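Working notes for the structure below.
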Amino acid sequence: MEDIGGDGPSTATAALNQRRHEAWKLFQYYLDKSTPHSLYRWIATFALVSIYALRCYYVQGFYIVTYGLAIYILNLLIGFLSPLVDPELEPSDGLLPTKGSDEFKPFIRRLPEFKFWYAITKAFCVAFVMTFFSMFDVPVFWPILLCYWLVLFVLTMKRQIMHMMKYKYLPFNIGKQTYKGKRPAGRASSPRAD
């Protein structure tokens with residue numbers, strides 16, 4: 001009778017922590033397995049975005065939540081398009097080539113693609129959950145928020161594009177460069193007709 005109250009709460013807490021740890025390990029396992037499959041990850045995220053948009057359209061509200069989500073995504077986009085080291089702040093590092101004669105250095109993002117995708121997906125999940133609580137549905141005239149966000153987007157992207165032009169970098173990989181070697185001298189360049 002003396003041991004009944006002693007181990008009960010600590011055992012339950014330890015079991016709960018063990019379950020939480022196992023769930024986190026399973027989640028991390030599937031997250032790690034999804035890393036090389038960027039197209040499928042983005043398709044799943046766009047499906048989530050569509051569900052969120054349908055939810056907001058159906059309830060005709062949550063414009064403040066959507067506006068905050070759009071500002072957050074704009075902030076993530078700036079990190080995704082920016083170099084790891086900003087040449088304006090640290091000009092001596094030289095991660096970006098500034099002259100045509102400089103050696104090619106690959107573009108390293110401040111926010112890598114996987115973290116960009118993960119942050120956007122988490123943000124849409126949180127915003128979707130927020131649409132089920134009426135305290136987040138603040139009445140507001142949404143066209144003003146949309147106009148303000150569009151102006152903010154245009155000004156921010158203009159500044160980012162000017163930065164790209166000034167330091168001559170492109171934050172996208174258009175494709176892997178392939179080099180063709182010299183063809184053997186004995187072979188004809190046109191296909192044979194047998």
Side-chain angles (χ1 to χ4, degrees), residues 20-21 23-53 63-130 136 144-181:
R20 187 180 310 145
H21 181 68
W24 177 254
K25 280 177 38 178
L26 184 65
F27 173 73
Q28 190 64 43
Y29 172 76
Y30 284 113
L31 195 63
D32 291 343
K33 289 205 50 107
S34 74
T35 302
H37 306 289
S38 63
L39 177 65
Y40 299 119
R41 285 188 283 115
W42 283 105
I43 288 172
T45 299
F46 285 125
L48 181 66
V49 169
S50 300
I51 291 169
Y52 175 76
Y63 303 120
I64 291 292
V65 173
T66 304
Y67 177 71
L69 180 64
I71 293 292
Y72 180 68
I73 290 172
L74 182 61
N75 186 30
L76 291 173
L77 184 63
I78 294 299
F80 181 71
L81 296 176
S82 299
L84 180 63
V85 177
D86 192 355
E88 286 181 351
L89 302 177
E90 298 179 30
S92 62
D93 194 358
L95 281 179
L96 294 174
T98 55
K99 295 178 254 170
S101 62
D102 282 354
E103 177 184 346
F104 171 75
K105 296 173 186 156
F107 182 78
I108 301 171
R109 299 178 189 286
R110 185 182 325 156
L111 181 65
E113 183 269 337
F114 184 79
K115 289 183 179 181
F116 179 60
W117 166 80
Y118 186 61
I120 285 177
T121 305
K122 278 195 320 187
F124 272 102
C125 288
V126 168
F128 183 73
V129 168
M130 289 173 74
F136 296 116
I144 290 186
L145 289 179
L146 179 64
C147 291
Y148 181 68
W149 186 82
L150 288 174
V151 167
L152 188 63
F153 177 80
V154 167
L155 292 176
T156 305
M157 285 298 112
K158 179 183 173 190
R159 184 177 57 97
Q160 187 67 32
I161 290 170
M162 297 302 270
H163 189 269
M164 289 178 201
M165 291 161 79
K166 181 178 179 182
Y167 293 102
K168 298 178 178 69
Y169 67 92
L170 185 63
F172 302 108
N173 295 335
I174 306 301
K176 185 176 179 180
Q177 289 183 342
T178 58
Y179 300 99
K180 295 181 181 177

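We use all heavy atoms of the structure for the numbers below, so side chains are in, but hydrogens, waters and symmetry mates are not. These figures come from a predicted structure and were not determined experimentally.
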Sequence-distant partners of Lys166, salt bridge (Lys or Arg N to Asp or Glu O under 4.0 Å), two or more places apart: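 Expected list: Glu88.
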- prompt: For Gly79 and Arg110, which heavy atoms make the closest approach, and how far apart are they?
  reply: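 Taking every non-hydrogen atom into account, O-CB, 3.5 Å.
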field: Atom of Leu81, atom of Gln160 and distance for their closest heavy-atom approach
entry: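 Heavy atoms of Leu81 and Gln160 come nearest at O-NE2, 3.4 Å.
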- request: Can you measure from CD1 (Ile64) to CE (Met130) and round to the nearest 0.5 angstrom?
  value: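 These two atoms lie 10.5 Å from each other.
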query: How far does OH of Tyr63 sit from CG of Leu69, to the nearest 0.5 angstrom?
result: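 So the OH of Tyr63 and the CG of Leu69 are separated by 15.0 Å.
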message: Evaluate Phe124 against Ile51 for side-chain contact (heavy atoms from CB on, under 4.5 Å), listing each step before the verdict.
response: CA-CA 10 Å; Phe124 272 102; Ile51 291 169; over 6 Å; no
For Tyr52, side-chain hydrogen bond (donor to acceptor under 3.5 Å, both in side chains) partners two or more places apart: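 Thr66.
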message: Just to verify, what does Thr35 make a side-chain hydrogen bond (donor to acceptor under 3.5 Å, both in side chains) with, not counting sequence neighbours?
response: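 Once residues adjacent in sequence are excluded, Thr35 has no partner under the side-chain hydrogen bond (donor to acceptor under 3.5 Å, both in side chains) criterion.
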message: Can a donor-acceptor pair be found, under 3.5 Å and without considering hydrogens, that links the side chain of Arg109 to the backbone of Phe80?
response: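 Pair found, side chain donor or acceptor close to backbone of Phe80.
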query: Taking the inter-plane angle between the rings of Tyr118 and Phe114 on a 0 to 90° scale, is it parallel (under 30°), tilted (30 to 60°) or perpendicular (over 60°)?
result: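 Parallel: the ring planes of Tyr118 and Phe114 meet at under 30°.
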Ignoring hydrogens and angles, write down the donor-acceptor pairs under 3.5 Å from the side chains of residues 145-158, residues two or more places apart or on other chains.
residue: Trp149; atom: NE1; partner: Ala70; partner atom: O; Å: 3.3
residue: Thr156; atom: OG1; partner: Leu152; partner atom: O; Å: 2.7

- prompt: Quick one: do the Trp117 and Thr45 side chains pair a donor with an acceptor below 3.5 Å?
  reply: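 Distance-only check passes for Trp117 and Thr45.
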Pairs involving residues 40-51, ordered by first then second residue, that meet salt bridge (Lys or Arg N to Asp or Glu O under 4.0 Å) (sequence neighbours left out):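 Of all non-adjacent pairs touching residues 40-51, those that pass salt bridge (Lys or Arg N to Asp or Glu O under 4.0 Å) are Arg41-Glu113.
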With Leu76 via side-chain contact (heavy atoms from CB on, under 4.5 Å) - residues at least two apart: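 side-chain contact (heavy atoms from CB on, under 4.5 Å) list for Leu76, sorted by chain: Tyr72, Leu111, Phe116, Ala119, Ile120.
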